[in-house]
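Please read the structure below before turning to the comments.
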Number of protein chains: 2
Amino acid sequence: MATIKDVAREAGVSVATVSRVFNNSPLVSEMTAEAVLEVATRLDYWPNGAARSLSTRRTGTIGVVLPDLYGEFFSEIIRGIDTEARAGKYQILLSSSHAAESALVKAAQSMRGRIDGLIAMAPHAGSSNALGEFARHFPVVLLNPGFPVENCGVVSIANFEGARAMVRHLLEMGHRRIALVKGPSGNVDAEERRRGYREALKEGEGDLDPSLEIPGDFDQESGYASADLLLRLQPRPTAVFAANDWTAFGLMSALSEAGVRVPGEMAVAGFDDMSIAPFLNPPLTTVRVDAAELGKRAVRLWFDAVRTPPESRIFPREILPTTLKVRRSCGARNGTPERERAGRRGTGTENGRRE
Amino acid sequence: MATIKDVAREAGVSVATVSRVFNNSPLVSEMTAEAVLEVATRLDYWPNGAARSLSTRRTGTIGVVLPDLYGEFFSEIIRGIDTEARAGKYQILLSSSHAAESALVKAAQSMRGRIDGLIAMAPHAGSSNALGEFARHFPVVLLNPGFPVENCGVVSIANFEGARAMVRHLLEMGHRRIALVKGPSGNVDAEERRRGYREALKEGEGDLDPSLEIPGDFDQESGYASADLLLRLQPRPTAVFAANDWTAFGLMSALSEAGVRVPGEMAVAGFDDMSIAPFLNPPLTTVRVDAAELGKRAVRLWFDAVRTPPESRIFPREILPTTLKVRRSCGARNGTPERERAGRRGTGTENGRRE
DNA sequence: TTGTATGCGTTATCAG
DNA sequence: CTGATAACGCATACAA
């Protein structure tokens, strides 16, 4: 593989000149530049990234560590990160960190010298101190952390506000007895959504009854299973809020099999707004989480940090608003919403705050 | 940030010794190693990746360039790549290449010196020569390319075989007039699936009628729209094979709205086996493409290449078999298939060949 | 078992 | 405008 030296020799100039050409330095005559470029193309030369970053102390890449690369949510986050990073001429060094809490740390370790900073999603509070350590060396932005970390930028999801808005909506629709199919216990998102559920019921006239809170696990299966308990409740609820869309899907399958009409006999709501949600039968009313936007914001925060001298850096905590998507699974409020088209999502009301 | 020199000085040894410790060299006494490690931990030292790869000419990372990071298919590919790469102690430098054909080349260019090779999905034949150029420098594996490229490993999808198997199945179920909702014209996968469709009809007793081939675009919307044409056909087909699951979803929505029972009046089949497919109403009969496995195989092929001296390298072309997933949307063959559980998929017959 | 010295491919500083 | 040359942080051949 041709190096800068080869090009210099072949073009009859010094390596410094070649370097200048490839860095668009104005300190080189157009004629020389052309000649160098010609030789470079002929020799199929391109600067070696490792050498370059060793010399400049910049790598032009952001490390991204996510707990797991499974599902639409994560793929959307990555897409958002990639899009925004590319727009800023940065690349992405990706790693999933497995569930183990030490994995995140190890992944980040092994990226040293190869990244200018980190965007990470850390499910375990145990990673906290290690992350703080990294943050002393370079900018770190955390995605929806369940614990406070110093010296890191943070983007979280308005789970609480989204859930509260959804339950408020159900109350507005006249429901009083609203069940909740919870997410896995210990999960930050699940916990916040439950808080929002309770808060809305407390504010409104809803039944705040512990027996209405059915266990769930964020998956289709647990949603399916929850229908059984749901239908046994006395008096039977008229609406269910599932902690995420997968749960809602399972729930709707089970209700359909049980001959319970949705939304007629039971309104169903979800959380996430997966791409399939508008196309279910009936289309699912849910809370939209714009995962790609989550990724984009993380990158923007990260860029802000990079462009700021370390001593005057601030560490903003941003909260990604969620949006209520009213579809048919909860009955129509103002007539039946128009049919949504693929790729085009209807508008809605934003829930959440910014800081 | 502490360097190897800092550690050496602090520990009272040479940099060579520190280096040996971090490379698990047996040529260092246990005592010294411990001391070095102690100091390293205290100084929060970790080898600089750029410097290391400059010296060793190995980076420990694979460049991954995909045309677009959207949707479950791509996220699964990435997951497969990541899983397998991590198992082999490799990291992933990710980049989406936009649709532009030069983008792939640029992305790969800018990765030079930072990767040991490339796994790419190149939708445009124009990238062909550039890829061949890369392949002369380091191992390249292509994902499902629509054109022949020299010196590259290749993993493609058994689109033809999968489609043929599906249509054969429909024929077996007694259907004779089977429509096809095509994918976008020019798309490799779409083209191969159509070939499989025609082949099966030719072999069997099906109607090989051009008017049965309805235009589509791989999305929900075009599937929805296709129902109109489908229902107008004279005589009306008893089954439709949609070129992918999204198309099938749209089709099923439209049929449901039109009051056409599935599978009673119209059998519907898809292609891809998206995660939601088993949970539709009725569950969708489709052809499973294991995208994660596609990614894994690409990495394995890549590993094979890396571990082989360049002169004796061969460039295998592997074809990922697809699997027929029989569910209820085409009617049951041997009674109703058992209900599938999330995360557990039923077995099926493999279609495709290996080389 | 340990240390010394050289090279990896660039950038950047300093002279010309 | 151009050219030497010293870093950058590490691995390794060679010496000890």
Side-chain angles (χ1 to χ4, degrees), chain A residues 1-37 39-40 43-61 89 91 109-116 137-138, chain B residues 1-40 43-61 89 109-116 137-138:
Chain A
M1 192 102 89
T3 74
I4 199 171
K5 279 185 189 170
D6 301 321
V7 178
R9 190 182 334 102
E10 191 79 7
V13 298
S14 73
V15 292
T17 300
V18 178
S19 173
R20 288 190 188 103
V21 171
F22 273 85
N23 288 288
N24 298 314
S25 163
L27 301 171
V28 55
S29 81
E30 206 158 310
M31 239 186 56
T32 329
E34 267 178 38
V36 168
L37 248 19
V39 173
L43 265 48
D44 192 29
Y45 166 79
W46 195 263
N48 178 303
R52 184 178 257 183
S53 54
L54 188 58
S55 185
T56 58
R57 302 163 157 291
R58 285 191 60 259
T59 65
T61 110
K89 304 286 180 193
Q91 290 188 320
Q109 286 280 32
S110 64
M111 286 178 170
R112 259 206 212 179
R114 318 173 57 71
I115 58 175
D116 294 336
H137 298 306
F138 46 60
Chain B
M1 195 100 88
T3 76
I4 198 171
K5 279 186 189 169
D6 301 322
V7 178
R9 191 184 332 106
E10 191 80 7
V13 298
S14 72
V15 292
T17 299
V18 178
S19 173
R20 290 190 186 103
V21 171
F22 273 86
N23 288 289
N24 298 313
S25 163
L27 301 171
V28 55
S29 82
E30 205 158 313
M31 239 185 59
T32 330
E34 268 179 36
V36 168
L37 248 18
E38 189 274 320
V39 173
L43 265 48
D44 191 30
Y45 167 77
W46 195 263
N48 178 304
R52 184 177 257 183
S53 54
L54 188 58
S55 183
T56 58
R57 301 163 156 292
R58 284 190 61 259
T59 65
T61 109
K89 304 288 182 192
Q109 285 282 34
S110 65
M111 286 177 169
R112 261 208 211 177
R114 319 172 56 71
I115 58 175
D116 294 336
H137 298 306
F138 47 59

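All chains are named by letter (A, B, ...) in the order of the sequence lines, taking the proteins before the strands, and each is independently numbered beginning at 1.
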Nearest-nucleotide wise, let me know which of A:Gly12 and B:Ser19 is further upstream toward the 5' end of DNA chain D. A:Gly12
Using a 4.0 Å heavy-atom cut-off across all strands, classify B:Val18 as base, sugar-phosphate, or nothing. nothing
Would you mind reading off the distance between A:Arg20 atom CZ and D:dT5 atom C1', rounded to a whole angstrom? 12 Å
Contact check, side chains of A:Thr32 and A:Arg20, non-hydrogen atoms, under 4.5 Å: no
In residues 26-33 of chain A, what residues come within less than 4.0 Å of DNA chain D, judged by heavy atoms? A:Leu27, A:Val28, A:Ser29, A:Thr32
Does D:dG3 have its OP1 or OP2 closer than 4.0 Å to a side-chain nitrogen or oxygen of A:Ser14? yes
Interface limits on DNA chain C, where chain A has a heavy atom under 4.0 Å of a nucleotide atom: C:dG9 to C:dT13
Measure the spacing between CH2 of B:Trp46 and CE of A:Met111 and express it to the nearest 0.5 Å. 13.0 Å
I need the CG-P distance between B:Asn23 and D:dT12, as an integer number of Å. 6 Å
Whole Å only: how far is the NZ atom of A:Lys5 from the P atom of D:dA4? 13 Å
I'd like to know if A:Arg57 reaches the base of D:dG9 with its side chain, counting only an N/O donor and acceptor under 3.5 Å. no
Would you give the length of the straight line joining atom CD of B:Glu10 to atom CD of B:Glu38, rounded to the nearest 0.5 angstrom? 9.0 Å
Rounded to whole Å, CZ of B:Arg9 lies from P of D:dG9 at a distance of 12 Å
Could you grab the distance from atom OG1 of A:Thr3 to atom CZ of A:Arg9, nearest 0.5 Å is fine? 7.5 Å
Rounded to whole Å, the CZ-P distance (A:Arg114 to D:dC10) equals 13 Å
Mark yes or no for whether B:Asp116, through its side chain, and B:Arg58, through its backbone, hold a donor-acceptor pair below 3.5 Å. no
Whole Å only: how far is the CD atom of A:Glu34 from the C1' atom of D:dC1? 16 Å
One should read off an interatomic distance between A:Leu37 CG and A:Glu30 CD, to the nearest 0.5 angstrom, of 11.0 Å
Distance-only, no hydrogens or angles: does the A:Ser53 side chain make a donor-acceptor pair with backbone N or O of A:Ala50 under 3.5 Å? yes
Just one of A:Val7, A:Ile4, A:Val39, A:Val28 clears the side-chain contact (heavy atoms from CB on, under 4.5 Å) bar with A:Val21, so which one? A:Val28
Rounded off to whole Å, could you give me the CG-to-P distance for the A:Asn48 and D:dG9 pair? 16 Å
Sub-3.5 Å donor-acceptor pair from the side chain of A:Thr56 to the main-chain atoms of A:Arg52, do we have one? yes
